[in-house]
Amino acid sequence: MKRFMAMLNKNKNKDPPPSKLLDLAGKLCRDLQSSPPSLEKLVGAVMGCKHKMYFLTNIHIVRACVSVHIRKGQHDRACSLLERCKAEEKEELVQLWHEVHYQRVMERQHKDFLTPVQRFRCRKRNPPPISLCPEGLKSRNYPEEVRQHLHRFAVEVTANPDKKQREGLARDMNLQPVQVYNWFANYRRRRKP
C-alpha cells in the first residue's frame with residue numbers, strides 16, 4: 001500500500017499513469033477486499049487522483065470502488081461511477097449495477113436479502129444504462145411476425161399442435177421446438193377463463 005501511495009504521488013502529473021501503477025492498484029484492490037478500512041483508503045486515493053478515469057479501466061478497481069460506495073450508502077455515486085467507467089468486462093459491470101440496486105432496496109425495506117421475484121422486479125425497474133450494454137437489453141419476446149404466425153396457427157388450425165406440427169412451425173420460424181411448445185402452452189393457459 002505504501003509503495004502504491006508513493007508511486008501515485010510521484011506520478012501525479014503524468015498523463016496517463018504508467019501501467020505498472022494501474023496493475024498494482026488492481027492487485028491491491030483484489031488483496032484488500034477483506035480489509036474494508038484499507039480498501040476505503042485505497043479507493044479514496046484513487047478517486048481523489050486527477051487521472052481516476054485511467055484507473056477505472058481495471059475491473060478490480062471498479063469493483064472495489066463500487067463496494068466502498070455501497071458500504072457507505074452512496075448508491076447514486078456507485079451508479080454514476082459504473083456509467084462512466086471504461087472497463088471491458090461489460091457483463092460484470094451489469095452485475096455490479098444490479099447489486100447496487102439490490103442493496104438500495106434491501107436498505108430501504110430493512111431486509112437482509114431479496115427473494116428471486118424481488119430481484120427480478122428490481123432489475124426491471126432499474127435497467128442498466130446503454131453505456132454498460134451498448135447492444136441493448138435482451139428481449140425475451142418474439143418478433144411481431146412470429147407471434148402473429150403462431151397466433152394465426154392457434155386460431156385457424158389448433159391451439160394444441162402435435163409434435164410434427166410443432167417441429168414444422170419451429171423450422172418455419174427459426175425457433176427451437178421447445179420454444180414453440182412453450183408458446184402454445186402459455187397461449188392455452190392465457191385463454192382459460
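If you're wondering where the values come from, they're calculated on a predicted model, not measured in any experiment.
- Relative orientation of the Tyr187 and Trp183 rings is parallel, given thresholds of 30° and 60° on the angle between their planes.
- Note on Phe120 and Tyr102: separate hydrophobic clusters, where clusters join Ile, Leu, Val, Met, Phe, Trp and Tyr whose side-chain heavy atoms are under 4.5 Å apart, directly or indirectly.
- Residues Leu93 and Ile59 form a side-chain contact, since some pair of their non-hydrogen atoms from C-beta on lies under 4.5 Å apart.
- Distance OH/Tyr142 to CE/Met173: 9.0 Å, rounded to 0.5 Å.
- The number of heavy atoms from other shown groups lying within 6.0 Å of CZ (Arg30) is above 12.
- Taking each heavy atom of Ser67 and Gln33 in turn, the nearest pair found is OG-OE1, 4.3 Å.
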Derivation of the side chain to side chain contact (heavy atoms under 4.5 Å, CB included) call for Arg84 and Lys52:
CA-CA 11 Å; Arg84 292 190 328 261; Lys52 69 180 173 191; 4.2 Å; yes
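- Here the NZ atom belonging to Lys124 is positioned 16.0 Å from the CZ atom belonging to Arg119, to the nearest 0.5 angstrom.
- Other residues, nucleotides and ligands contribute at most 12 non-hydrogen atoms within 6.0 Å of the CZ atom of Arg171.
- Residues Met47 and Leu82 are members of one and the same hydrophobic cluster, defined by side-chain heavy-atom contacts under 4.5 angstrom among Ile, Leu, Val, Met, Phe, Trp and Tyr.
- For the residue pair Arg77 and His69, no side-chain donor N or O sits within less than 3.5 Å of a side-chain acceptor on the partner.
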Show, in sequence, the C-alpha distance, side-chain angles and deciding distance for Val117 and Arg121, and conclude whether the side chain to side chain contact (heavy atoms under 4.5 Å, CB included) test is met.
CA-CA 6 Å; Val117 171; Arg121 288 179 181 155; 3.7 Å; yes
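- For the pair Pro161 and Arg166, the tightest heavy-atom approach, listed with the atom from each and the gap, is O-NH1, 2.9 Å.
- Around CG of Asn174, the count of heavy atoms belonging to other residues, nucleotides or ligands within 6.0 Å does not exceed 12.
- Taken from CG in Leu39 to CZ in Arg63, the straight-line distance is 11.0 Å, to the nearest 0.5 Å.
- For the atom pair SG of Cys65 and CG of Asn58, the computed distance is 10.0 Å after rounding to the nearest 0.5 Å.
- Clustering ILVMFWY residues whenever any of their side-chain heavy atoms sit less than 4.5 angstrom apart, transitively, puts Val155 in the very cluster that holds Phe153.
- No path of Ile, Leu, Val, Met, Phe, Trp and Tyr side chains, each step under 4.5 Å between heavy atoms, connects Leu96 with Phe113, placing them in separate hydrophobic clusters.
- In plain terms, the two heavy atoms of Ser38 and Leu32 that are nearest each other are CB-CD2, 3.9 Å.
- Using a cut-off of 4.0 Å between Lys/Arg side-chain N and Asp/Glu carboxylate O, Arg104 and Glu107 are scored as not salt-bridged.
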Walk me through whether Glu144 and Arg147 qualify under salt bridge (charged side-chain N to carboxylate O under 4.0 Å, His left out).
CA-CA 5 Å; Glu144 182 64 30; Arg147 284 190 309 234; 2.4 Å; yes
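- Counting heavy atoms from C-beta outward, His101 and Arg125 have side chains that stay 4.5 Å or more apart.
- Contact detail for Trp97 and Pro127: the closest heavy-atom pair is NE1-O, 3.4 Å.
- Counting all heavy atoms, side chain and backbone alike, Leu56 lies closest to Cys85 at O-CB, 3.5 Å.
- Other residues, nucleotides and ligands contribute at most 12 non-hydrogen atoms within 6.0 Å of the CD atom of Glu91.
- Interatomic distance, CD1 of Ile70 versus CE of Met106, reported as 8.5 Å (0.5 Å rounding).
- Taken to the nearest 0.5 Å, the CG atom of Leu175 stands 13.0 Å off from the CD atom of Glu167.
- In this structure, the side chains of Lys20 and Leu24 stay at 4.5 Å or more apart for every pair of heavy atoms.
- Counting all heavy atoms, side chain and backbone alike, Gln118 lies closest to Thr115 at OE1-N, 2.8 Å.
- The neighbour count for Glu88 CD, taken as heavy atoms of other residues, nucleotides or ligands under 6.0 Å away, does not exceed 12.
- Heavy-atom neighbours of Tyr181 OH from other residues, nucleotides or ligands within 6.0 Å: at or below the threshold of 12.
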Go through the steps for His149 and Leu169 under the test side chain to side chain contact (heavy atoms under 4.5 Å, CB included), then give the verdict.
CA-CA 9 Å; His149 187 79; Leu169 286 167; 3.7 Å; yes
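- Checked by atom type and distance alone, the side chain of Gln103 never pairs as donor or acceptor with a backbone atom of Val100 at under 3.5 Å.
- Remark: the backbone N or O of His98 is not paired with any side-chain donor or acceptor of Arg123 at under 3.5 angstrom.
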Chi angles and distances behind the side chain to side chain contact (heavy atoms under 4.5 Å, CB included) call for Glu99, Val66
CA-CA 9 Å; Glu99 281 301 319; Val66 168; over 6 Å; no
